[in-house]
Amino acid sequence: QVQLVESGGGSVQAGGSLRLSCAASVVSGYTYTIAYMGWFRQAPGKEREGVAGIWTRGSTTLYADSVKGRFTISQDITKNTVYLQMNSLEPEDTAIYYCAVGRGGGFSMSGVGFDFWGQGTQVTVSS
């Protein structure tokens with residue numbers, strides 16, 4: 001099992017910034033190598049949406065069109081932690097944000113390829 005703990009959510013006004021963090025820890029005795037990490041979000045009444053993903057080797061990144069140029073995903077491999085810097089936030093960014101990890105085989109922004117998910121952190125952007 002891999003435990004994921006997100007932090008950094010909150011309430012901001014439109015145009016503001018937030019930085020989300022997600023720390024992954026592998027339960028003792030369980031073998032799991034994280035190949036990629038991602039951020040997803042789900043707004044009330046809407047389906048889950050992939051936001052950004054990053055490969056732990058090489059740091060190749062992938063973004064949803066809706067956040068390109070505003071959000072940046074990064075990682076600290078030594079801490080098994082992934083970050084999401086969110087700038088120029090818009091009310092449409094309001095959602096619960098989840099991080100997820102996968103160990104291989106590739107992934108898609110629909111969530112395919114991710115094995116473990118965090119509990120989520122709320123982001124609210126007011127106009």
Side-chain angles (χ1 to χ4, degrees):
Q1 294 289 328
V2 178
Q3 297 177 338
L4 301 171
V5 179
E6 300 104 333
S7 61
S11 298
V12 295
Q13 291 188 329
S17 298
L18 284 173
R19 188 190 192 210
L20 305 183
S21 300
C22 174
S25 59
V26 181
V27 173
S28 178
Y30 187 72
T31 300
Y32 189 93
T33 301
I34 297 173
Y36 39 81
M37 306 180 79
W39 286 98
F40 296 80
R41 67 186 181 185
Q42 188 165 20
K46 295 187 177 181
E47 294 186 354
R48 184 182 65 199
E49 174 190 20
V51 175
I54 186 168
W55 287 86
T56 55
R57 290 189 176 183
S59 296
T60 299
T61 57
L62 183 65
Y63 294 95
D65 288 342
S66 58
V67 306
K68 282 181 181 177
R70 301 189 297 122
F71 291 11
T72 302
I73 188 171
S74 61
Q75 61 184 344
D76 185 337
I77 297 174
T78 63
K79 298 180 180 179
N80 268 353
T81 298
V82 63
Y83 306 95
L84 186 68
Q85 178 66 45
M86 306 185 294
N87 299 327
S88 301
L89 283 161
E90 304 168 351
E92 292 74 23
D93 297 316
T94 295
I96 299 175
Y97 283 70
Y98 302 88
C99 70
V101 299
R103 59 181 162 185
F107 67 90
S108 73
M109 297 311 290
S110 68
V112 173
F114 290 91
D115 303 311
F116 297 99
W117 297 76
Q119 294 298 309
T121 185
Q122 177 71 47
V123 171
T124 302
V125 185
S126 58
S127 57

Do Ser66 and Glu92 have side-chain atoms, one donor and one acceptor, less than 3.5 Å apart?
no

Test item: Phe71 and Leu89 side chains (from C-beta on) under 4.5 Å apart, heavy atoms
yes

Separation between CZ (Arg19) and OG (Ser7), nearest 0.5 Å, reads 9.5 Å

Locate the shortest heavy-atom distance separating Ala14 from Ser127; write the atom from each residue and the value.
CB-CA, 4.3 Å

Membership question, hydrophobic clusters at under 4.5 Å side-chain separation (ILVMFWY): are Leu4 and Tyr30 in the same one?
yes

Describe, in one word, how the ring planes of Phe107 and Trp55 are oriented to each other, choosing from parallel (under 30°), tilted (30 to 60°) and perpendicular (over 60°).
tilted

Shortest non-hydrogen pair, Ala43 vs Ala95, comes out as N-CB, 3.8 Å

Do any N or O atoms from the side chain of Thr121 and from the backbone of Gly8 form a donor-acceptor pair under 3.5 angstrom?
no

Any non-hydrogen side-chain atom of Asp93 less than 4.5 Å from a side-chain atom of Arg41?
yes

Side-chain donor-acceptor pair under 3.5 Å between Gln75 and Ser59, yes or no?
yes

For Val51 against Tyr97, the heavy-atom pair lying closest together:
CG2-CE2, 4.3 Å

Quick check for you: to the nearest 0.5 Å, what is the distance between Arg103 atom CZ and Tyr32 atom OH?
6.0 Å

Between Tyr36 and Gly106 (side chain of the first, backbone of the second, donor and acceptor by atom type, cut-off under 3.5 Å), is there such a pair?
yes

Rounded distance [0.5 Å steps], CE in Met37 versus OG1 in Thr81:
6.5 Å

Glu6 side chain to Gln119 backbone, donor-acceptor under 3.5 Å
yes

Nearest 0.5 Å, what's the CE-CD1 distance between Met86 and Ile73?
12.0 Å

What do you reckon, are the aromatic ring centroids of Phe40 and Trp117 less than 6.0 Å apart?
yes

Within one Ile-Leu-Val-Met-Phe-Trp-Tyr cluster: Ile34 and Leu20, side-chain cutoff 4.5 Å:
yes

Would you say Val12 ends up clustered with Val123 if hydrophobic residues are merged whenever their side chains have heavy atoms under 4.5 Å apart, either directly or through other cluster members?
yes

Do any N or O atoms from the side chain of Arg70 and from the backbone of Ser88 form a donor-acceptor pair under 3.5 angstrom?
yes

Calculate, to the nearest 0.5 Å, the distance between atoms NZ and OG belonging to Lys79 and Ser25 respectively.
14.5 Å

Please find the pair of heavy atoms, one from Ser126 and one from Pro91, that lie closest to each other, and give the distance.
C-CG, 4.4 Å

Arg48 side chain vs Ser110 backbone, donor-acceptor pair below 3.5 Å
yes

Under 3.5 Å: donor-acceptor pair, side chain of Thr124, backbone of Thr94:
no

For the residue pair Asn80 and Val2, establish whether any side-chain heavy-atom pair is separated by less than 4.5 Å.
no

Please report the shortest heavy-atom distance between Asn87 and Ser17, naming the atom on each side.
OD1-OG, 2.9 Å

Nearest heavy-atom contact between Gly50 and Ala64 is O-CB, 3.2 Å

Would a hydrophobic clustering, with Ile, Leu, Val, Met, Phe, Trp and Tyr connected at side-chain separations under 4.5 Å, put Val26 with Val101?
yes

Main chain of Asp76, side chain of Tyr83: is a donor-acceptor contact present, judged purely on distance under 3.5 Å?
no

Thr72 side, atom OG1; Leu84 side, atom CG - distance, nearest 0.5 Å
8.0 Å

Would a single hydrophobic cluster contain both Phe116 and Trp39, if residues Ile, Leu, Val, Met, Phe, Trp and Tyr are joined by side-chain heavy-atom contacts under 4.5 Å?
yes

